[in-house]
Every structure is written in C-alpha cells, then in structure tokens.
There are 2 protein chains.
Amino acid sequence: MADLAKLAGVSKITVSRALGDSPLVTSETRERIQALARKHGYKLNLSARNLRLRRSHTVAVIVEMKPSSGRTMWDPYPLSLLGGISQELTSAGYSVLLTTRHDAGNAAVRAADGLILLGQGVHQDAVKLYDRLGLPMVVWGAESAHDSHVVVGSDNRQGGASVAERFLSIGRRHPVFIGNSDHPEMAQRLHGFVDELAGHGIKPLLLRRVDWTLESGVEAVRSLTRRKVRFDAIFACSDLLAMGAIRALVELGFTVPNDVSVVGYDDTPHGAGFLPPLSTVRQNWQEGGMLLARKVLALIDGQPVASQMLPTNLVVRAT
Amino acid sequence: MADLAKLAGVSKITVSRALGDSPLVTSETRERIQALARKHGYKLNLSARNLRLRRSHTVAVIVEMKPSSGRTMWDPYPLSLLGGISQELTSAGYSVLLTTRHDAGNAAVRAADGLILLGQGVHQDAVKLYDRLGLPMVVWGAESAHDSHVVVGSDNRQGGASVAERFLSIGRRHPVFIGNSDHPEMAQRLHGFVDELAGHGIKPLLLRRVDWTLESGVEAVRSLTRRKVRFDAIFACSDLLAMGAIRALVELGFTVPNDVSVVGYDDTPHGAGFLPPLSTVRQNWQEGGMLLARKVLALIDGQPVASQMLPTNLVVRAT
DNA sequence: CGGGCGAATGTTACCGATATCAAGACATCG
DNA sequence: CGATGTCTTGATATCGGTAACATTCGCCCG
C-alpha cells in the first residue's frame with residue numbers, strides 16, 4: 001500500500017480510503033488509485049487489516065465428524081448445507097473456517113467472529129463447550145425449550161406429523177417408528193408422529209435404534225417379526241434405515257407398500273433411486289445453510305435473532 | 001502478551017518465546033509463564049502473528065458446487081474427503097478455509113499458504129485460473145499427462161480394469177459402459193475397462209451420459225433396448241447411474257444379475273442398501289483427503305512432491 | 001585478574017493496514 | 001476582507017505479535 005501511495009503520489013491512508021470506497025476521497029483520485037492497484041496486482045493483506053480492525057471476518061463451521069472411519073458424514077449432514085453456508089458467508093465478505101469437533105480449543109476458532117455448529121445434536125455438552133467462547137453462535141438442529149441458543153433446523157415435528165397424516169389417510173392403523181429418541185431432532189419427529197396419531201386414538205410402536213445404518217433397519221424389522229407384532233406402516237428416521245427395513249420386509253415375504261407402507265427421512269438421491277423408489281420427508285438443506293449463515297451475520301452485527309424452523313415436505317413415491 | 005509480561009515481570013519477547021516453546025528461555029521461566037497464560041485465559045492473536053510471519057497458516061479448499069440447487073454435492077465428493085483434509089491440516093496447526101469456485105478472486109483465498117482443488121475435473125480452466133495465484137496447489141482428480149499439477153486421486157484406471165476382469169471371469173461377453181468420457185476421471189475408468197477387455201478381444205459398447213442422475217441411468221438402459229443391442233453386463237460410472245440402470249432393467253423384464261451384471265462406482269451407503277445390494281468400486285475418500293493435505297503441506301514446506309493414485313477395490317455384492 | 005564466551009533476557013524495529021486528529025485549499029458569508 | 005465552514009489529504013499512533021541485534025551476567029581460562 002505504501003508502494004501504491006508512492007506511485008500515485010499520495011499518502012498510504014489515501015490509498016486505503018480509495019480502495020475502501022470511502023466517500024472521503026474524490027472520485028477522481030479513487031479511480032486513479034484503483035486502476036493503479038489493479039494494474040500492479042495489489043493484494044490487500046487480510047492479517048494486517050484484521051489486526052487493526054480487531055475482527056477476523058471469519059465464521060467457523062464446526063462439524064461433528066467421527067474421526068477415522070465409522071459413520072462417515074454421508075448421511076445426516078450433506079454438503080449442500082455447507083454449500084449454502086459458504087455461499088452466503090463469502091458473498092458477505094466473510095471466510096468460512098471448517099473444523100471438526102476435535103480441535104475445540106483451536107486458536108483459529110477462537111479468533112472467529114462467529115460460530116456455526118453442525119451435527120451437535122447428540123452432544124449438548126459440545127454446545128456448552130463452545131458457548132464458553134462467548135462468540136455469536138448458531139446451531140443446526142432441534143430447538144429445545146430449556147436452552148437459549150439460536151437454532152436453525154427443519155421442522156422435524158411437522159415432518160413426523162405429515163407422515164402420520166399420510167399413514168392415516170391411506171388407512172394404516174398399526175404404525176411403527178424406527179429411530180433414536182435420544183437424538184433431539186429424531187425425538188421431535190417422533191413427537192410430531194405420535195401426537196398426530198394420538199388425535200385418532202392410535203399409538204405407534206416405538207423401535208429404538210441408535211445407528212442410522214442399513215443393517216440397523218434390517219435388524220429392526222426382523223425383531224418386529226420375531227416378536228410377532230402386527231404392523232402395517234413404518235416411519236424410519238433416515239432413508240438408510242428405511243431402505244434396510246424394506247430390504248428385510250422383502251426378504252421376509254412382505255410386499256411394500258401393499259402389506260406395509262414405509263417412509264424414510266432426508267430424501268437422499270439414493271432413496272429416490274431405490275427399488276421401489278422410497279417415500280420420504282425432504283428437508284431443504286441448502287436453504288438451511290443459507291439461513292444459518294444469515295443468522296450468524298446478524299448476530300455479529302448485534303441484531304436480535306430468533307430461532308427458526310424450515311418447513312419440510314413429504315415426498316410420496318412408491319413405498 | 002504485554003500484560004502477561006508485566007505480570008511475570010519479564011519482557012514481551014520472553015513471553016513470546018516461552019509460549020512458543022523456544023529453547024532460548026529457561027524451562028523454569030517457560031513453565032511459569034505458560035501457567036500464567038493458562039490462568040488468565042490468554043489467547044494468541046493469529047492475525048498479528050500471521051502479519052509478522054508473513055504467512056496465513058491457512059489452506060484454502062475450493063469445492064466445485066453448483067450454486068443454487070441442481071446437482072447437490074451428494075454424489076461425487078462426499079464429506080469424508082473434506083473430513084480427511086480437515087483432520088490432517090488442523091492437526092498440523094493449519095486452518096481450513098472452505099470456498100466454492102465462484103469466489104475465485106477472494107482475498108482470503110489469495111492469502112492462503114496453499115490450495116486444494118476438489119471437483120474441478122470438468123473444468124481444467126478453473127485449475128489454470130488458480131494456478132495463476134502461484135500458490136502451492138494440489139488437485140483431486142485424474143492425472144493427465146500434459147499438465148504439471150500435483151494430483152491426488154483414486155486409481156480410476158485400475159478401478160475400470162477390475163470391473164472388466166470381473167465381467168470376464170463370470171463369462172460376460174457383451175459389456176456396456178455408461179458415463180461421460182469427457183470427464184477426466186471417468187475417461188480413465190473407461191480406459192482401464194476398455195484396455196482390459198481388449199486383452200480378450202472384447203470391445204464394450206460406450207453409452208455416453210453427461211448427468212450422473214438416476215434418470216440418466218434409466219434412460220441409458222431404455223435406449224439400449226430401443227436399439228435392440230445385445231448386452232449382458234453394465235459398468236456405470238456412479239452408483240446412481242447403476243441404480244437407475246437396474247431400475248430400468250427390472251422394469252423391462254430383465255433380472256439382475258442373471259441376465260445382466262451391473263457394477264457401479266463409489267460404494268455409497270445407499271448403494272449397499274439397494275435392492276439388490278449394488279456391486280461397486282470403492283474409493284477411500286478419507287484417506288484421499290489426508291493425502292491431499294499432506295501433499296500441500298509438503299509443498300508449502302518446499303519439499304518435492306509427486307502425484308499419487310490411491311488403489312480402488314471392487315466390492316462384489318449381488319448385482 | 002581481565003578477556004572471552006555462552007546463556008538468558010531485553011530493546012528496538014517492523015509486518016500492513018486503519019482511526020484519529022491536524023492541516024491546507026477553497027468557497028461562503030456577514 | 002477576515003471569519004467560518006466544507007472538502008480533501010496527510011502525519012502519527014496503533015493493533016499484537018516476532019526477528020535481529022544488544023545487553024547483562026556468570027563462568028572459564030590463560
């Protein structure tokens with residue numbers, strides 16, 4: 001910047017102002033200096049600016065990823081969520097710092113202007129951990145009554161309710177829920193499901209499964225038949241679970257959807273390609289990401305921000 | 001740091017040295033100062049350090065994402081790749097800056113110490129664009145003879161060849177390839193496939209499909225039967241294509257794998273849950289990510305670095 | 001006993017930007 | 001015509017670290 005100043009025959013500060021589109025400089029000098037900057041490939045030094053401005057223009061996104069192997073990040077938090085976040089933040093001039101949960105104390109994270117937490121649903125303690133940093137923070141997941149974070153998520157309650165509605169409307173009377181009610185988001189799906197059914201005097205069977213894997217779905221259905229339970233509809237908390245369930249059903253001689261209706265959750269492309277094509281509840285992740293980003297930015301800006309749930313919609317395919 | 005210095009009764013620089021584990025300070029003072037820092041919750045200011053050190057300790061990861069909607073990032077570049085990158089970089093003290101292709105000129109990207117490009121396979125021009133920044137750069141994808149970037153990818157050639165081998169070993173003689181040979185990675189899968197078959201005097205039918213969607217797979221198979229082509233094996237370049245193909249085959253009255261063998265690519269969890277479970281070629285993304293990270297770090301370090309292809313392996317399931 | 005050497009710590013300058021306050025040029029006004 | 005105000009630009013200090021060079025001190029050795 002000093003060099004540019006010399007070239008333009010002005011002082012450093014004038015260059016700074018010109019490049020920052022400050023109204024304090026004549027439009028003439030501004031343009032002259034900007035042209036000069038372009039010509040010489042001048043690059044602003046972000047560290048210097050951040051140092052002086054005492055902010056980092058960075059939002060840290062903390063993703064829950066089991067480190068090596070295990071559950072990959074395939075299922076619950078697809079990249080489109082990250083895509084939405086990234087798109088929105090960078091277009092606001094912010095950088096996106098990606099970290100996993102395990103470098104919590106990371107200096108770079110602490111230096112961020114704001115935090116977005118993804119996939120912390122299971123670990124409320126993790127949320128508290130980051131809370132201590134005292135940074136503007138937005139969490140993806142389910143809203144819970146007794147804590148005060150800003151939460152963005154899809155309306156899991158409504159998602160569950162819409163499945164119940166569908167089951168009722170096609171005459172199903174013995175529904176089963178497969179999922180993990182300890183997980184806040186899943187618990188809400190369950191609540192929506194149960195409440196809607198309760199309105200019609202029906203109480204679903206709850207089948208608790210911790211894993212979201214295919215095998216888990218298979219096993220769930222097998223256990224149902226082992227216990228000789230009567231059922232005609234399954235609401236699985238993820239597409240993978242649903243696919244596992246269908247697989248087991250077919251193996252056991254049931255037909256889908258004639259004997260048993262099955263609905264999954266997430267609307268993964270692979271679910272759509274399943275045979276038969278899976279009915280499922282869709283969440284709009286891209287938009288969720290954009291919303292998350294906008295909320296942190298608002299918080300950083302000091303504006304009041306409220307939690308928000310995005311609507312979901314039931315995609316009825318062949319199951 | 002100045003405050004800490006006052007508290008400890010030493011100078012700033014001694015504090016700096018103590019916290020940086022420099023051998024220039026007595027272990028006694030070092031520990032005293034470190035304890036003091038912990039006690040008072042001292043936080044290093046990264047901007048200041050980066051400014052002084054003239055480096056950002058940051059690697060930018062540039063991801064090809066269609067902005068709004070369209071193909072989400074589900075299919076080709078799963079999060080586990082990012083996970084591997086992030087894990088490796090942060091444990092080396094680096095930050096991961098996530099950006100999409102569309103904020104190319106981004107000041108933060110230019111300030112990074114290194115670049116990792118993901119999903120640029122289709123856009124060789126994008127690679128050149130970033131090349132101009134003159135930063136250490138590593139690209140995920142297929143190695144091509146006529147450019148000089150450091151490339152990490154999975155061995156698509158070998159992947160294709162292994163499918164061919166399998167087809168031959170089970171007596172298939174009329175194989176079809178579905179994919180987009182303009183895409184470098186896919187082209188190599190095709191080459192591996194074709195070369196291996198050629199060794200046995202067989203020439204596969206090439207069915208060019210640009211999209212990696214389910215519908216595209218369906219359509220591909222329909223066009224085959226419309227043209228009354230004889231075929232007994234399909235190698236699809238993605239699991240989704242394969243699932244679409246199978247779906248169409250079943251609709252058209254073929255049985256899989258009796259009439260037609262089908263193999264996909266990527267080993268997605270959903271492919272494994274498909275009915276019937278999909279045979280596919282697996283790539284180890286997590287490891288790919290870690291390798292990418294290690295290579296950029298080595299480049300930043302000034303060490304010589306070579307491209308590297310990771311082995312793939314064929315997972316034979318029911319198709 | 002003084003010069004020399006090494007270990008521990010300190011002084012000063014600097015990285016590259018921006019905020020604050022000051023100053024010069026020029027127009028307006030009583 | 002001098003006072004006042006507006007517009008544009010500049011000098012200086014500062015953000016929080018670290019490198020280079022300087023200093024102090026104790027010890028060894030001839």
Side-chain angles (χ1 to χ4, degrees), chain A residues 1-38 40-58 93-95 106-113 133 135 300, chain B residues 1-38 40-58 93-95 105-113:
Chain A
M1 203 172 250
D3 296 345
L4 271 186
K6 216 165 290 169
L7 280 165
V10 297
S11 70
K12 280 202 312 178
I13 188 66
T14 304
V15 175
S16 172
R17 286 177 182 140
L19 296 179
D21 280 329
S22 156
L24 289 172
V25 293
T26 337
S27 59
E28 185 220 341
T29 41
R30 171 176 33 248
E31 271 158 36
R32 188 162 55 90
I33 292 174
Q34 289 188 350
L36 219 54
R38 264 195 304 279
H40 290 81
Y42 165 77
K43 291 175 184 97
L44 184 73
N45 182 319
L46 286 183
S47 295
R49 174 211 253 164
N50 289 339
L51 173 58
R52 179 69 237 234
L53 261 34
R54 301 156 143 277
R55 38 199 283 247
S56 62
H57 265 288
T58 293
Y94 275 73
S95 299
N106 194 313
V109 172
R110 290 187 315 225
D113 291 336
L133 296 181
L135 292 172
I300 292 172
Chain B
M1 203 171 249
D3 296 345
L4 270 185
K6 216 165 290 168
L7 280 165
V10 298
S11 71
K12 280 204 310 178
I13 188 69
T14 305
V15 175
S16 171
R17 285 178 183 141
L19 296 179
D21 281 329
S22 154
L24 289 173
V25 292
T26 335
S27 59
E28 186 220 341
T29 41
R30 168 169 42 245
E31 272 158 36
R32 188 162 54 90
I33 292 174
Q34 289 187 351
L36 220 54
R38 263 195 306 278
H40 290 81
Y42 166 77
K43 291 172 183 101
L44 184 75
N45 183 320
L46 286 183
S47 296
R49 174 211 255 165
N50 289 339
L51 173 59
R52 182 65 237 234
L53 261 35
R54 300 154 146 277
R55 38 200 283 247
S56 62
H57 264 287
T58 293
Y94 275 72
S95 299
N106 194 314
V109 171
R110 290 185 315 221
D113 291 337

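Note on naming: letters A, B, ... go to the chains in the order of the sequence lines (proteins, then strands), and numbering restarts at 1 for each one.
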Tell me: CG of A:N50 to P of D:dG17, nearest whole Å?
14 Å
So, using side chain to side chain contact (heavy atoms under 4.5 Å, CB included) as the criterion, who are the partners of B:S95 when residues are at least two apart?
A:L97, A:A108, B:T58
Taking five pairs at each end, how big is the angle between the two axes of the helix from C:dC1-D:dG30 to C:dG30-D:dC1, to 10°?
60°
Each nucleotide N or O in nucleotides 4-6 of chain D that has a protein N or O under 3.5 Å away: list the pair and distance.
none

Any residue meeting ring-ring contact (aromatic ring centres under 6.0 Å, His included) with B:Y94, in chain and number order, not counting sequence neighbours
B:H57
Look at all strands and tell whether A:L46 reaches a base, only sugar-phosphate, or nothing, counting heavy atoms closer than 4.0 Å.
nothing
Which residues satisfy the side chain to side chain donor-acceptor pair (under 3.5 Å) test with B:N45, sequence neighbours excluded?
none
What is the distance, rounded to the nearest whole Å, between atom CG of B:L19 and atom C1' of D:dA19?
17 Å
Between P on C:dA17 and CG on A:L53, what's the gap in Å once rounded to a whole number?
12 Å
Would you be so kind as to tabulate the donor-acceptor pairs closer than 3.5 Å made by side chains of residues 9-23 of chain A, with sequence neighbours excluded?
{"from": "A:S11", "atom 1": "OG", "to": "A:T14", "atom 2": "OG1", "distance (Å)": "3.2"}
{"from": "A:D21", "atom 1": "OD1", "to": "A:Q34", "atom 2": "NE2", "distance (Å)": "3.0"}
{"from": "A:S22", "atom 1": "OG", "to": "A:L24", "atom 2": "N", "distance (Å)": "3.0"}

Between protein and nucleic acid, restricted to nucleotides 10-13 of chain D and to nitrogen or oxygen atoms under 3.5 Å apart, what atom pairs and distances do you find?
{"from": "D:dG10", "atom 1": "OP2", "to": "A:S11", "atom 2": "N", "distance (Å)": "3.0"}
{"from": "D:dG10", "atom 1": "OP2", "to": "A:S11", "atom 2": "OG", "distance (Å)": "3.2"}
{"from": "D:dG10", "atom 1": "OP2", "to": "A:T14", "atom 2": "OG1", "distance (Å)": "2.6"}
{"from": "D:dG10", "atom 1": "N7", "to": "A:R17", "atom 2": "NH1", "distance (Å)": "3.4"}
{"from": "D:dG10", "atom 1": "O6", "to": "A:R17", "atom 2": "NH2", "distance (Å)": "2.9"}

Results of side chain to side chain donor-acceptor pair (under 3.5 Å) for B:S56 - residues two or more places apart only:
B:D113
Any residue meeting side chain to side chain contact (heavy atoms under 4.5 Å, CB included) with A:R54, in chain and number order, not counting sequence neighbours
none
Figure out the CG/C1' separation between A:D3 and C:dG16, and round it to whole Å.
11 Å
Partners meeting side chain to side chain contact (heavy atoms under 4.5 Å, CB included) with A:R52 (sequence neighbours left out):
none
How would you list, by chain and number, every residue that makes a side chain to side chain contact (heavy atoms under 4.5 Å, CB included) with A:L135, sequence neighbours excluded?
A:L115, A:L133
Roughly, in whole Å, what's the span from NE2 in A:H57 to C1' in C:dA17?
13 Å
Strand-adjacent residues in residues 20-38 of chain A, judged by heavy atoms under 4.0 Å from DNA chain C
none
